[in-house]
Amino acid sequence: MKISILTLFPDVIRPYLSYSIMKRGQENGAFSVELLQIRDYTEDKYGRVDTPPIGGGAGLIQKCQPIVKALNSIKTPASHVILFSPRGTIFNEEKAKELKKYDHLILISGHYEGVDERVNDYVDELISIGDFVLTGGELASLIVVDAVTRLLPGVINATSLESESFDDGLLEYPQYTEPYDFNGVKVPDILYSGNHQAIDKWRRREQLRITKKYRPDLFEKYPLSKEDEKLLNEEAPSWEKEALEKGHKFLK
């Protein structure tokens, strides 16, 4: 996958792409990122990329000419062009999975008070990362790049993608590591039982419980199976008791 980001501030984006998983994914050839400085494409005789809004108003509006010229310099039939806008579809995991299918993503990062309305005529999709206002679209671009590229083969270990929050409409189950006892809070003993069927049931129950508690909006939309309802409502289930009795010795 190739990702092109149109921005007035490429130095804001560049450092994040130079570390950890983002760096490794590019080195592995899973994806590449090019940063286009919108200012390089202006035809304004004063070198401007933004001017006050026509009709009056606060702030500065990015001119459409340099954005469109930058876009046309790289756009191909395989490109999918995205402009970040509060009008857009809210970005989520489902959208990230959809975007990973494109060979070439072009992300337009606006800045200042906004961009000329006519830029909308040159994009394929409007996306919003949430109902709040940022000073620029650079952070939005990085969020999309991170969420999409981590799904590509060769970026992270495939097993790390097998069970994550939002994959099936629920939040992820709790995860623990050493030590067994930290300030009096212990790792649930069921995780040491060695009974993977029981562990899976416990994790499923915790997914449901946590989603219901922290994201009731997701929980209300989720189609519970009869087994899900039983897991949520059953107190001291026999499968858990049996797994604990027959399981491995717990850390002390």
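We use all heavy atoms of the structure for the numbers below, so side chains are in, but hydrogens, waters and symmetry mates are not.
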Validation row: Leu170, Arg215 side chains within 4.5 angstrom (heavy atoms):
no
Would you mind checking if Lys2 and Glu34 are paired as a salt bridge, meaning a charged N to carboxylate O distance below 4.0 Å?
yes
Going by heavy atoms in the side chains, are Thr7 and Val12 under 4.5 Å from each other?
no
Please round to the nearest 0.5 Å and tell me the distance separating atom CG of Leu142 and atom CG of Leu17.
6.0 Å
Could you tell me if the side chain of Glu227 sits less than 4.5 Å from the side chain of Lys201, heavy atoms only?
yes
Within the side chain of Ser128, is there an N or O that forms a donor-acceptor pair under 3.5 Å with the backbone of Gly130?
yes
Would you tell me whether Asn72 and Tyr41 have side-chain atoms, one donor and one acceptor, within less than 3.5 Å of each other?
no
Do Asp189 and Tyr180 have side chains that get closer than 4.5 Å, going by heavy atoms?
yes
Is Asp11 salt-bridged to Arg14, cutoff N-O under 4.0 Å?
yes
Would you please indicate if the ring centroids of Phe219 and Tyr214 are separated by under 6.0 Å?
no
Any side-chain donor paired with an acceptor under 3.5 Å for Tyr222 and Asp228?
no
What I want to find out is whether Arg209 reaches Glu206 closely enough, with some N-O distance under 4.0 Å, to be called a salt bridge.
yes
Minimal non-hydrogen separation, Leu60 against Pro52, with atom names:
CD2-N, 3.6 Å
Less than 4.0 Å between a side-chain N and a carboxylate O, is that true for Glu125 and Arg87?
no
State, to 0.1 Å, how close Trp239 and Trp202 come at their nearest heavy-atom pair, and which atoms those are.
CH2-N, 3.6 Å
Interatomic distance, CG@Asn233 vs CG@Leu224, rounded to 0.5 Å, equals 9.0 Å
More than 12 foreign heavy atoms under 6.0 Å from CG of Asp131: is that the case here?
no
Flag the pair Glu240 and Arg205 as a salt bridge only when some basic side-chain nitrogen lies within less than 4.0 angstrom of an acidic carboxylate oxygen.
yes
Leu105 versus Val148, closest heavy-atom pair with distance:
CD1-CG1, 4.4 Å
Ile61 versus Val115, closest heavy-atom pair with distance
CG2-C, 3.6 Å
Can a donor-acceptor pair be found, under 3.5 Å and without considering hydrogens, that links the side chain of Asn28 to the backbone of Ala30?
no
Taking it one step at a time, do Lys63 and Asp50 satisfy salt bridge (Lys or Arg N to Asp or Glu O under 4.0 Å)?
CA-CA 5 Å; Lys63 301 174 73 174; Asp50 53 85; over 6 Å; no
Using a strict 4.0 Å threshold on nitrogen-to-oxygen distance, state whether Glu98 and Lys95 make a salt bridge.
yes
Hey, are the side chains of Gln62 and Leu8 touching, using non-hydrogen atoms and a 4.5 Å cut-off?
yes
CD1 (Ile129) and CG (Leu139) are apart, to the nearest 0.5 Å, by 7.0 Å
Neighbour count >12 (heavy atoms, 6.0 Å) for atom NZ, Lys69
yes
Side-chain heavy-atom pair Ile82, Leu126 within 4.5 angstrom cut-off:
no
Taking Ser73 for its side chain and Ala70 for its backbone only, find out whether a donor-acceptor pair lies under 3.5 Å.
yes
Among residues at least two apart in sequence or on other chains, which ones pass side chain to side chain contact (heavy atoms under 4.5 Å, CB included) with Ser79?
Lys75, Thr76, His104, Ile106
Counting heavy atoms not belonging to Glu94, are there more than 12 under 6.0 Å from its CD?
no
If I take atom CZ from residue Phe31 and atom OG1 from residue Thr149, how far apart are they, to the nearest 0.5 angstrom?
4.0 Å
Is the backbone of Pro66 close enough, under 3.5 Å, to the side chain of Thr42 for a donor and an acceptor to pair up by distance?
no
Determine, for Glu242 against Lys246, whether the closest basic-nitrogen to carboxylate-oxygen distance falls under 4.0 angstrom.
yes
If I compare all heavy atoms of Val155 with all of Ile21, which pair ends up nearest, and what's the gap?
CG1-CG2, 3.5 Å
Treat each ILVMFWY residue as a node, draw an edge where side-chain heavy atoms are under 4.5 Å apart, and state whether Phe182 and Ile190 are in one component.
no
Is there a side-chain contact between Leu83 and Ile127 in this structure, where contact means two heavy atoms from C-beta onward sitting under 4.5 Å apart?
no
Would you say Ser109 and Glu138 are linked by a side-chain donor-acceptor pair, where the criterion is simply a distance under 3.5 Å?
no
Close side-chain approach of Met22 and Tyr16, heavy atoms under 4.5 Å
yes
Phe9 CZ: over 12 foreign heavy atoms closer than 6.0 Å:
yes
Gly136 versus His111, closest heavy-atom pair with distance
CA-ND1, 3.2 Å
Considering residues, nucleotides and ligands other than Tyr19, do more than 12 of their heavy atoms fall under 6.0 Å from its OH?
no
Approximate separation, where rounding is to 0.5 Å, of His196 NE2 and Leu191 CG
11.0 Å
Atom pair OG (Ser4) and CG (Leu107), whose distance is rounded to the nearest 0.5 Å:
8.0 Å
Would you call the rings of His80 and Tyr102 parallel, tilted or perpendicular, taking 30° and 60° as the class edges?
parallel
